[in-house]
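Bear in mind that the values here come from a model prediction, so they are computed numbers and not experimental data. Below, read A as the first sequence line, B as the second, and so on, with proteins coming before strands; counting in each chain starts at 1.
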Amino acid sequence: MKERLERGKAVTRQIREDLRRRVEEALRCAAAAGDLKLPLFPTVTIEVPREKDHGDYATAVALGMARTEKRAPREIAEKIVRHLPKDGVGISRIEIAGPGFINFFLAHDWLHDVLRLVQAMGSAYGQTEHGAGKKVQVEFVSANPTGPLNVVNARAAAVGDTLVRILAASGYDAHREFYINDAGNQVARFGLSVEARLRELVGQKVQFPADGYPGEYVRDLARKVLERDGEVLLGLNQEERVRRLAEFGVREMVKDQKALLARYGVEYEVWFSEKSLRDEGAAEKVVEVLQGRGYTYEKDGAVWFKSTIFGDDKDRVLVKSNGEFTYLVPDIAYHWNKYDRGFETVIDLLGPDHHGYIDRLRAAVEAGGYDPRSLEVIIVQMVRLIRGGRPVRISKRAGEFVTMEELLDEVGKDAARFFFLMRSADSHLDFDLDLARVQGNENPVYYVQYAHARICSILQEAEKRGVAFPDPAEVDLTPLATPEEVELMKKIAALPEEIIEAAEAREPHRLTVYARDLATLFHSFYTECRVLGAEPGLTAARLVLVDCTRIVLRNVLELLGISAPERM
RNA sequence: GCGCCCGUAGCUCAGGGGAUAGAGCAAGGGACUUCUAAUCCCUGUGUCGCAGGUUCGAUUCCUGCCGGGCGCACCA
């Protein structure tokens, strides 16, 4: 299959489709020849067998056809194989195995085409047009601007950011968004807390608010603002002072959160302010619209949203009896706003304490006239930090660390992101701090990065020895024939499809599994196969293979937001 | 009580309607005159929580139960 690989499409999908087409054609031919009855046309799926002894690809169609054909599956499989068209990807061997599987063993030419494709595409290898430019928004972290980010925020940031990266690589128009809760109750309490600390600093006797924010960072904020314009503030009446301090505090916290997330490799397209929505009257508008559509009623002096008619398990208050909006109202406004900005799929990453929130949010989306299925929610489960084999007590008073910043200081961005991306988001995670800090073989991050560094070292050595890198379009790749080389090529070929599948399943953690598998295959190759010092033809082919591995490792690490060091 | 997540090897977890269920760590034994030993190779372990159901086939899908975690505000 010379130059038949399309760039915008996952290579392994093209192979799979080719095989499926040919099996379907074989079924038709067999029926026409009277070998099969074919009362109804079966769905042909081409799968990758778990055992590699079972071929590169396999299909179980014959198994499902036994009943309608009134014949043994193996016999049916034989008929299919007999009529299989010869065109398309080269097949070196076909076997009928087990209860009636058809196993395909492919000739290696297609893998050589893959290597050439990797060389041609470079950092773009892995990207496809699968998503066809569909607009997707992922909202994640969205922590309150009243305190530092915690470790679950760090987990959500890793998951959300990589999800956006793989969606973008899959051809979606994907956007990151952070919703700033810079309005409402908690901001007011925050302002009061800063204000209390400020007055403490100048020696006034103050009762710290009972529901205030006790953290040391609040004192730091007070110190900072005191230096800057303490005199002016202390001259104001209390209400005005609290308002200004709330504003100041929020601005500072958001600034810190932005900086920390940037250090973590996360750059949002949009930081969306709740206050801006409130200021433009979006909250009132939501209540009006819902009222206009008859989705509300009044009870006990409050305005309720009849969310139960959209599947929620109880109705929700929109306007409290004291006239304030509940947090739900601006959230509804925000979600409607997302759709109005043209997002076709909206993905929210929420903490485990917010899962009860999903139904009412979806109800609100539907009540707004949008498709509730277009709202997806990923629950990012809790994180337990493990040190010395036991959970770190998350106790603010005991001063055991809980913040994202402290985590980054301790283990670094690469380890933190990798560890958070090793598990699926919806399962609880034990984060082993000791393991994350180990600069050695037990640490999976270093294992993957080391593979990359090793390759760079080979390429540098080649240059030093004056071994020219071959022209990938011309080089003969047929010498690549050991099991290690073939497995490595197959893994390289799988990248684009892995990315698509991870994106579709919204499961970025699959990429860390892939990265580790690829590194393992490379390390095995490295042990078994010498690149430099082999015969020139073999060296040339292996240089290409090794360089393709480097490209793929780098591309995967880039998707994970982890550095790819050239030396370690 | 209701809802969500989880239950797979000693530990932490992947996987997933198919043919012998995997990885890492931990334990033991090997492999560096060579391109980085932060590596590789070999060795053992499973009632896939339990019970039903659907299916030619279930660890995977469905239901129930048991166990663990987390939610169930006119807080956000």
Side-chain angles (χ1 to χ4, degrees), chain A residues 45 47 49-51 53-54 58 60 63-67 73 97-101 103 142-144 146 181 183-187 189 211 274 299-304 313-314 316-328 330-331 351-359 377 379 381-382 384 386 389 422-432 435 438-451 453-462 464-465 467 484 509-510 512-513 516-517 519-520 522-534 539 542-543 546 567-568:
Chain A
T45 51
E47 52 187 86
R50 261 207 277 261
E51 287 309 308
D53 295 349
H54 296 148
L63 270 67
M65 293 170 64
R67 181 178 285 178
F101 294 96
N103 297 338
S142 299
N144 281 337
T146 53
N181 296 105
N185 220 322
Q186 80 282 1
V187 172
R189 284 192 288 123
D211 56 353
E274 173 184 353
K299 195 182 83 181
D300 307 331
V303 180
W304 294 70
D313 56 357
K314 54 179 87 157
R316 308 291 169 179
V317 172
L318 296 172
V319 185
K320 305 186 218 171
S321 48
N322 66 6
E324 286 175 16
F325 295 114
T326 61
Y327 62 93
L328 183 58
D331 270 8
D353 50 337
H354 283 70
H355 75 252
Y357 196 53
I358 302 169
D359 285 345
V377 177
I379 297 293
Q381 283 291 349
M382 335 185 302
R384 262 194 336 165
I386 307 291
M422 278 199 300
R423 311 266 177 264
S424 65
D426 61 7
S427 67
H428 303 188
L429 170 73
D430 279 354
F431 192 114
D432 188 332
L435 181 60
V438 171
Q439 306 234 333
N441 52 1
E442 315 96 284
N443 191 337
V445 190
Y446 289 96
Y447 182 82
V448 175
Q449 290 180 321
Y450 182 51
R454 260 184 154 178
I455 295 171
C456 291
S457 168
I458 295 173
L459 296 173
Q460 273 158 20
E461 182 65 23
K464 209 188 295 171
R465 296 190 195 179
V467 182
E484 289 80 12
H509 75 275
R510 293 182 186 212
T512 53
V513 177
R516 265 212 314 215
D517 288 350
T520 298
F522 170 74
H523 287 310
S524 299
F525 161 85
Y526 184 92
T527 308
E528 293 302 318
C529 308
R530 292 228 108 224
V531 176
L532 304 176
T539 289
R542 283 181 174 168
L543 274 173
V546 146
R567 223 184 294 272
M568 285 175 77

Restricting to nitrogen or oxygen on both sides, can you table the protein-nucleotides 27-33 of chain B pairs closer than 3.5 Å?
none

With a 4.0 Å cut-off on heavy atoms, is A/Val531 in touch with a base, just the backbone sugar-phosphate, or nothing at all?
base
Drop me the distance from A/Ile379's CD1 to A/Asp426's CG, to the nearest 0.5 angstrom.
9.0 Å
Span that lies between the P atom of B/G15 and that of B/G53, in whole angstrom
29 Å
Gap separating the CZ atom of A/Phe525 from the CZ atom of A/Arg454, nearest 0.5 angstrom:
11.0 Å
Anything below 3.5 Å on both distances counts as a pair; with that, list the stems of at least three consecutive Watson-Crick or G-U pairs involving RNA chain B.
B:1-7 with B:66-72, B:10-13 with B:22-25, B:27-31 with B:39-43, B:49-53 with B:61-65
Taking only the P atom of each, what is the distance from B/U59 to B/A26 in whole angstrom?
32 Å
Please report the distance separating the C1' of B/A37 from the corresponding atom of B/G30, rounded so that it comes out in whole Å.
13 Å
Check whether the side chains of A/Asp331 and A/Tyr357 place a donor and an acceptor atom closer than 3.5 Å, and report yes or no.
yes
Base, sugar-phosphate or nothing for A/Asn103? Non-hydrogen atoms, less than 4.0 Å.
base
Between A/Arg567 and A/Pro49, name the one whose nearest nucleotide on RNA chain B is closer to the 5' end.
A/Pro49
In whole angstrom, what separates A/Leu63's CG from B/U55's P?
17 Å
Separation of A/His509 NE2 from A/Ser427 OG (nearest 0.5 Å):
7.5 Å
To the side chain of A/Arg423, which of B/C13, B/C35, B/A19 is closest?
B/C13
How far does the C1' atom of B/A51 sit from the matching atom of B/C56, given to the nearest Å?
23 Å
Does the side chain of A/Asn144 come within less than 4.5 Å of A/Val187's, by heavy atoms?
no
Residue list, side-chain contact (heavy atoms from CB on, under 4.5 Å) with A/Met422, at least two apart or on another chain
A/Phe418, A/Phe419, A/Pro444, A/Thr512, A/Arg516
On a whole-Å scale, what distance lies between the P atoms belonging to B/U34 and B/A19?
44 Å
Of all heavy-atom pairs linking A/Cys529 and A/Arg542, the shortest is CB-CZ, 3.4 Å
What is the distance from CG of A/Leu429 to C1' of B/C5, rounded to the nearest Å?
14 Å
Which part of the nucleic acid, if any, lies within contact of A/Cys456, taking any heavy atom under 4.0 Å across all strands shown: a base, the sugar-phosphate backbone alone, or nothing?
nothing
Base, sugar-phosphate or nothing for A/Ala451? Non-hydrogen atoms, less than 4.0 Å.
nothing
Identify whether any heavy atom of A/Ala453 sits under 4.0 Å from a base atom; if not, whether one sits that close to sugar-phosphate; answer base, sugar-phosphate or nothing.
base
With rounding to the closest Å, how many angstrom separate the P atoms on B/C48 and B/U20?
15 Å
Value in whole Å for how far the C1' atom of B/C13 lies from CD1 of A/Ile386
13 Å
The answer to which of A/Arg465 and A/Ser424 contacts RNA chain B further toward the 5' end, by nearest nucleotide, is A/Ser424
Do the side chain of A/Thr326 and the main chain of A/Val317 share a donor and acceptor less than 3.5 angstrom apart?
yes
Rounded off to whole Å, could you give me the CG-to-P distance for the A/Asp430 and B/C11 pair?
12 Å
Protein-nucleotide distance (A/Ile458, atom CD1; B/C35, atom C1'), rounded to Å
5 Å
Return the value, rounded to whole Å, for the distance between atom CD of A/Glu47 and atom P of B/A19.
9 Å
Residue pair A/Asp300 / A/Ser321, side-chain heavy-atom distance below 4.5 Å
no
Verify, without hydrogens or angle tests, whether A/His523 (side chain) and A/Tyr447 (backbone) share a donor-acceptor contact under 3.5 angstrom.
yes
OP1, OP2 of B/A14 versus side-chain N and O of A/Ser427: anything below 4.0 Å?
yes
Side chain A/Glu324, main chain A/Asn185, donor-acceptor under 3.5 Å
no
Residue pair A/Phe522 / A/Val546, side-chain heavy-atom distance below 4.5 Å:
yes
Could you pull out all residues at least two apart from A/Glu461 that satisfy salt bridge (Lys or Arg N to Asp or Glu O under 4.0 Å)?
A/Lys464, A/Arg465
Starting at atom CD of A/Glu51, determine the distance to atom P of B/G15, rounded to an integer number of angstrom.
19 Å
Over all strands shown, is A/Leu532 touching base, sugar-phosphate only, or nothing at heavy-atom distances under 4.0 angstrom?
base
Each nucleotide of nucleotides 68-76 of chain B classed B (base within 4.0 Å of a protein heavy atom), S (only sugar-phosphate) or -, in 5' to 3' order, makes -SBSS-BSB
With syn meaning chi within 90° of zero and anything else anti, the base of B/C32 is syn
Could you work out the separation of B/U54 and B/C72 based on their P atoms and round it to a whole Å?
40 Å
Does A/Ile458 reach the side chain of A/Tyr526, with side-chain heavy atoms less than 4.5 Å apart?
yes
Would you kindly give the CZ-to-C1' distance between A/Phe431 and B/C25, to the nearest whole Å?
16 Å
Atom C1', compared across B/C5 and B/C13: separation rounded to whole Å:
15 Å
Output one letter per nucleotide in nucleotides 40-50 of chain B: B when a protein non-hydrogen atom lies under 4.0 Å from the base, S when only the sugar-phosphate is that close, - when neither is.
SS---------
Could you tell me if the side chain of A/Gln381 sits less than 4.5 Å from the side chain of A/His428, heavy atoms only?
yes
Using a 4.0 Å heavy-atom cut-off, does A/Gln449 contact any base of the nucleic acid, only the sugar-phosphate backbone, or nothing at all?
nothing
If we ignore hydrogens and angles and just use 3.5 Å, is the side chain of A/His355 paired with the main-chain N or O of A/Pro352 as donor and acceptor?
yes
